[in-house]
Amino acid sequence: MERCLDRKEVISMKNISKIYKMGNSDYKALEDVNLTIKSGEYVAIVGPSGAGKSTLMNIIGCLDTATNGEYILDGVNTKCSDAKLAEIRNSKIGFIFQNYNLLPKLNILENVELPLCYLGLPNDKIREKALESLKKVGLDTHIKHKPTELSGGQKQRVAIARALATEPQMILADEPTGALDSKTGREVLNMLKDLNKEGNTIVMITHDKDIAAEADRIITIKDGRILSDSSMDKGVMV
Ligand SMILES: Nc1ncnc2c1ncn2[C@@H]1O[C@H](COP(=O)(O)OP(=O)(O)OP(=O)(O)O)[C@@H](O)[C@H]1O
Ligand SMILES: [Mg+2]
């Protein structure tokens with residue numbers, strides 16, 4: 001935690017709310033969220049089902065926008081055009097989801113190449129970076145496999161390779177071990193820990209208290225609000 005004190009803010013949210021329109025009524029999924037995360041932090045987001053964790057993660061990752069409030073990501077105000085938002089997302093953030101979100105028709109090399117294609121890199125560079133990334137997760141031997149031909153743990157490793165391929169500064173993971181057995185889940189967590197040691201900012205949603213306890217900081221969400229933040233408990237202003 002202390003090593004983060006002199007680091008720059010990568011996430012700065014002020015009075016963020018998210019309101020879903022449900023027919024004639026409004027549903028407040030997030031209300032008045034104020035949150036700062038610094039470069040290099042390893043943050044776990046916990047809370048009951050329906051609390052607003054994924055909604056918050058989607059806004060952090062620019063997959064969705066807030067209804068109200070201000071969100072500055074790495075110094076850039078996210079109240080901008082969809083094209084700009086997609087550019088920020090592709091260049092700064094890697095995503096890992098519980099259900100992997102791999103495209104079934106593409107082989108694993110093509111899956112990992114996809115975010116690199118969005119960056120508009122030349123083809124040989126795209127291939128080189130995708131292979132390098134698959135090597136990191138130990139799957140460069142399986143590049144022609146389709147996702148359906150892999151185990152759950154292997155699929156999640158492909159998803160990690162895809163998240164890493166663009167060398168993002170931040171990894172967002174929504175229940176990354178939720179569909180895995182405990183041993184494979186441990187491998188995935190160790191990979192995330194290593195990435196954090198290398199300087200990546202990690203924000204992970206988990207419902208598992210033991211997994212959350214491994215993070216530097218635990219933020220609890222309930223009914224769309226931040227109920228507690230362990231960095232505040234320790235009196236450390238991050
Ligand atoms: N697109 C949507 N339209 C309307 N309501 C939504 C939408 N997405 C989420 N919600 C509602 O917002 C609330 C927060 O949802 P969210 O997915 O963020 O919860 P969560 O904390 O991630 O839960 P879980 O642990 O079950 O994944 C829920 O009550 C949900 O029903
Ligand atoms: Mg969720």
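Ligands are counted one by one from 1 in listed order, and the atoms in each one are counted from 1 as well.
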Exercise for the section: Look at atom 10 (N) of ligand 1 and say which protein heavy atom is nearest, naming residue and atom and giving the distance to 0.1 Å. Expected result: Y20 CE1, 3.4 Å
Exercise for the section: Check each of K28, K53, K222, K18 against atom 21 (O) of ligand 1 and report the one with the nearest heavy atom. Expected result: K53
Practice task
Let me see the working for D74 and Q169 under side chain to side chain donor-acceptor pair (under 3.5 Å), right down to the final yes or no.
Solution key: CA-CA 10 Å; D74 198 27; Q169 58 194 65; 3.2 Å; yes
Exercise for the section: Check whether any protein heavy atom sits under 4.0 Å from atom 31 (O) of ligand 1. Expected result: no
Problem - Nitrogen or oxygen of G50 less than 3.5 angstrom from that of ligand 1 - result: yes
Handout entry: Proximal ligand 1 atoms for A29, defined as those under 4.0 Å from one of its heavy atoms
Key = 12 (O)
Exercise for the section: Identify the protein heavy atom lying closest to atom 26 (O) of ligand 1, giving its residue, its atom name and the separation to 0.1 Å. Expected result: S49 OG, 2.6 Å
Exercise for the section: Just jot down the ligand 1 atoms closer than 4.0 angstrom to any heavy atom of T55, in number order. Expected result: 14 (C), 15 (O), 16 (P), 18 (O)
Practice task
May I ask you to check whether over 12 heavy atoms, not counting those of Y20, lie within 6.0 Å of atom OH?
Solution key: yes
Exercise for the section: Assess P48 for proximity to ligand 1: is some non-hydrogen atom of it under 4.0 Å away? Expected result: yes
Completion exercise
for atom 27 (O) of ligand 1, nearest protein heavy atom and its distance come out as S54 OG, 4.0 Å
Exercise for the section: Check H207 against ligand 1 and report side chain, backbone, both or neither, counting heavy atoms closer than 4.0 Å. Expected result: neither
Exercise for the section: Measure up the F97 and F95 rings against each other and bin them: parallel (under 30°), tilted (30 to 60°), perpendicular (over 60°). Expected result: parallel
Problem - Charged N-O contact under 4.0 Å between K135 and E132 - result: no
Problem - Single hit among D64, N68, T65, T67 for side chain to side chain donor-acceptor pair (under 3.5 Å) with K18 - result: D64
Exercise for the section: Give a yes or no on whether a salt bridge exists between E187 and K183, defined as a side-chain N under 4.0 angstrom from a carboxylate O. Expected result: yes
Exercise for the section: Assess A51 for proximity to ligand 1: is some non-hydrogen atom of it under 4.0 Å away? Expected result: yes
Practice task
Would you mind checking which non-hydrogen protein atom is closest to atom 29 (O) of ligand 1, with the distance to 0.1 Å?
Solution key: Y27 OH, 3.1 Å
Practice task
Flag yes if L85 and I72 sit in one hydrophobic cluster, no otherwise; membership is Ile, Leu, Val, Met, Phe, Trp, Tyr, and two members link when side-chain heavy atoms are under 4.5 Å apart.
Solution key: no
Practice task
Run through D174, L56, I219 and flag the one making a side-chain contact (heavy atoms from CB on, under 4.5 Å) with I205.
Solution key: D174
Problem - Pair K53 + E175: basic N to acidic O under 4.0 Å - result: no
Exercise for the section: Please state whether the separation between the Mg ion (ligand 2) and some N/O/S atom of S54 is under 2.8 Å? Expected result: yes
Handout entry: Backbone or side-chain N or O of G47 under 3.5 Å from ligand 1 N or O
Key = no
